[in-house]
Amino acid sequence: MFDQSQIQEFKEAFTIMDQNRDGFIDKEDLRDTFAALGRINVKNEELEAMVKEAPGPINFTVFLTMFGEKLKGTDPEETILHAFKVFDTEGKGFVKADFIKEKLMTQADRFSEEEIKQMFAAFPPDVCGNLDYRNLCYVITHGEEKD
């Protein structure tokens, strides 16, 4: 399902999240990971929902399997690119962030303001307010930024 370099990256992520180094990710590990990322006061219900997605204790094998299942439903990169290209009539490789925000919040499966903030925190627009959708699509489908 994953090549060796991807497995190594998942192992590194697992190690970072396993804050107490017991070989399992639990609610407290998730709370500590969120805190390390600057998100304090995560609700217990939110953490419990995350842990309940696993069929049992989350060791590395379960962690890897869960990611595989999540990524299995991701559209191919070309499909996602075509969706953005509809809005990029000049073929520049970017779209206005405000335009995408408006579309994401008003069409189909609508994004919340918090989801928009999370997206732009991970993929900030440039100083002109443009969103590089090619890089965004690559990261969505490959899990890391292009060099």
Side-chain angles (χ1 to χ4, degrees), residues 1-88 92-97 99-101 103-105 107-127 129-147:
M1 178 181 343
F2 298 113
D3 65 36
Q4 196 57 41
S5 66
Q6 289 173 309
I7 292 172
Q8 184 57 38
E9 288 179 27
F10 282 119
K11 184 65 175 169
E12 290 171 19
F14 181 86
T15 301
I16 290 168
M17 294 177 71
D18 182 17
Q19 297 280 314
N20 63 7
R21 306 290 185 250
D22 66 353
F24 296 92
I25 295 175
D26 59 19
K27 236 173 38 173
E28 290 309 311
D29 290 325
L30 290 174
R31 183 182 311 285
D32 293 342
T33 301
F34 274 115
L37 295 170
R39 187 165 170 219
I40 312 296
N41 300 328
V42 179
K43 294 180 181 171
N44 252 349
E45 298 80 33
E46 190 176 355
L47 297 171
E48 286 171 9
M50 288 180 198
V51 172
K52 284 182 183 175
E53 286 187 42
I58 305 172
N59 62 18
F60 180 67
T61 304
V62 171
F63 182 80
L64 195 60
T65 303
M66 289 173 70
F67 266 97
E69 289 170 359
K70 293 278 186 190
L71 293 175
K72 193 171 15 174
T74 303
D75 289 324
E77 183 177 7
E78 201 59 33
T79 302
I80 300 169
L81 276 172
H82 283 301
F84 276 104
K85 285 179 182 177
V86 168
F87 302 116
D88 181 17
K92 295 180 178 179
F94 59 83
V95 290
K96 288 290 183 188
F99 177 77
I100 289 299
K101 176 182 177 180
K103 293 298 176 203
L104 290 172
M105 293 183 78
Q107 308 295 315
D109 291 332
R110 296 180 176 132
F111 277 43
S112 68
E113 188 68 41
E114 182 60 29
E115 289 169 321
I116 293 292
K117 284 179 187 174
Q118 289 174 0
M119 184 183 88
F120 286 141
F123 304 99
D126 65 17
V127 294
N130 297 316
L131 180 67
D132 175 359
Y133 68 80
R134 289 180 182 158
N135 189 46
L136 171 63
C137 292
Y138 184 87
V139 172
I140 289 170
T141 56
H142 295 86
E144 57 189 51
E145 289 190 50
K146 290 182 185 178
D147 290 329

Considering non-hydrogen atoms only, spot the tightest contact between [X] and [Y] and give its length.
| X | Y | answer |
| --- | --- | --- |
| Pro125 | Gly129 | CB-C, 3.9 Å |
| Ala54 | Met66 | CB-SD, 3.6 Å |
| Phe111 | Met105 | O-CG, 3.6 Å |
| Ile80 | Cys137 | CG2-SG, 3.2 Å |

Applying side chain to side chain contact (heavy atoms under 4.5 Å, CB included), run through Ile100 and Tyr133 and close with a yes or a no.
CA-CA 10 Å; Ile100 289 299; Tyr133 68 80; over 6 Å; no
Decide if atom [atom1] of [X] counts as having more than 12 heavy atoms of other residues, nucleotides or ligands within a radius under 6.0 Å.
| X | atom1 | answer |
| --- | --- | --- |
| Lys92 | NZ | no |
| Asn41 | CG | no |
| Gln4 | CD | no |

Is a donor on one side and an acceptor on the other found under 3.5 Å between the side chain of [X] and the backbone of [Y]?
| X | Y | result |
| --- | --- | --- |
| Asp88 | Val95 | no |
| Asn20 | Asp29 | no |
| Arg31 | Asp26 | no |

List the steps and the verdict of side chain to side chain contact (heavy atoms under 4.5 Å, CB included) for Asp132 and Asp126.
CA-CA 8 Å; Asp132 175 359; Asp126 65 17; over 6 Å; no
Take Val86 and His82 through the side chain to side chain contact (heavy atoms under 4.5 Å, CB included) test and state the conclusion after the steps.
CA-CA 7 Å; Val86 168; His82 283 301; over 6 Å; no
Just so I know, are the side chains of [X] and [Y] near enough to count as touching, which here means a heavy-atom distance under 4.5 Å?
| X | Y | answer |
| --- | --- | --- |
| Lys27 | Asn44 | yes |
| Val62 | Pro57 | no |
| Thr61 | Phe14 | no |

Interatomic distance, [X] atom [atom1] to [Y] atom [atom2] [nearest 0.5 angstrom]:
| X | Y | atom1 | atom2 | answer |
| --- | --- | --- | --- | --- |
| Glu113 | Glu115 | CD | CD | 10.5 Å |
| Asn59 | Phe24 | CG | CZ | 5.5 Å |
| Phe84 | Leu136 | CZ | CG | 4.5 Å |
| Arg39 | Glu46 | CZ | CD | 4.0 Å |
| Thr15 | Phe10 | OG1 | CZ | 13.0 Å |
| Leu131 | Lys96 | CG | NZ | 11.0 Å |

Per the side chain to side chain contact (heavy atoms under 4.5 Å, CB included) rule, which among Ile25, Ile58, Asp32 passes with Met17?
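Running side chain to side chain contact (heavy atoms under 4.5 Å, CB included) over Ile25, Ile58, Asp32 with Met17 returns exactly one hit, Ile25.
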State yes or no: are the ring centers of Phe67 and Phe63 separated by less than 6.0 Å?
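Yes - the distance between ring centres of Phe67 and Phe63 falls below the 6.0 Å cut-off.
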Test side chain to side chain donor-acceptor pair (under 3.5 Å) applied to Glu28 - qualifying residues, sequence neighbours left out:
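Residues passing side chain to side chain donor-acceptor pair (under 3.5 Å) with Glu28: none at all.
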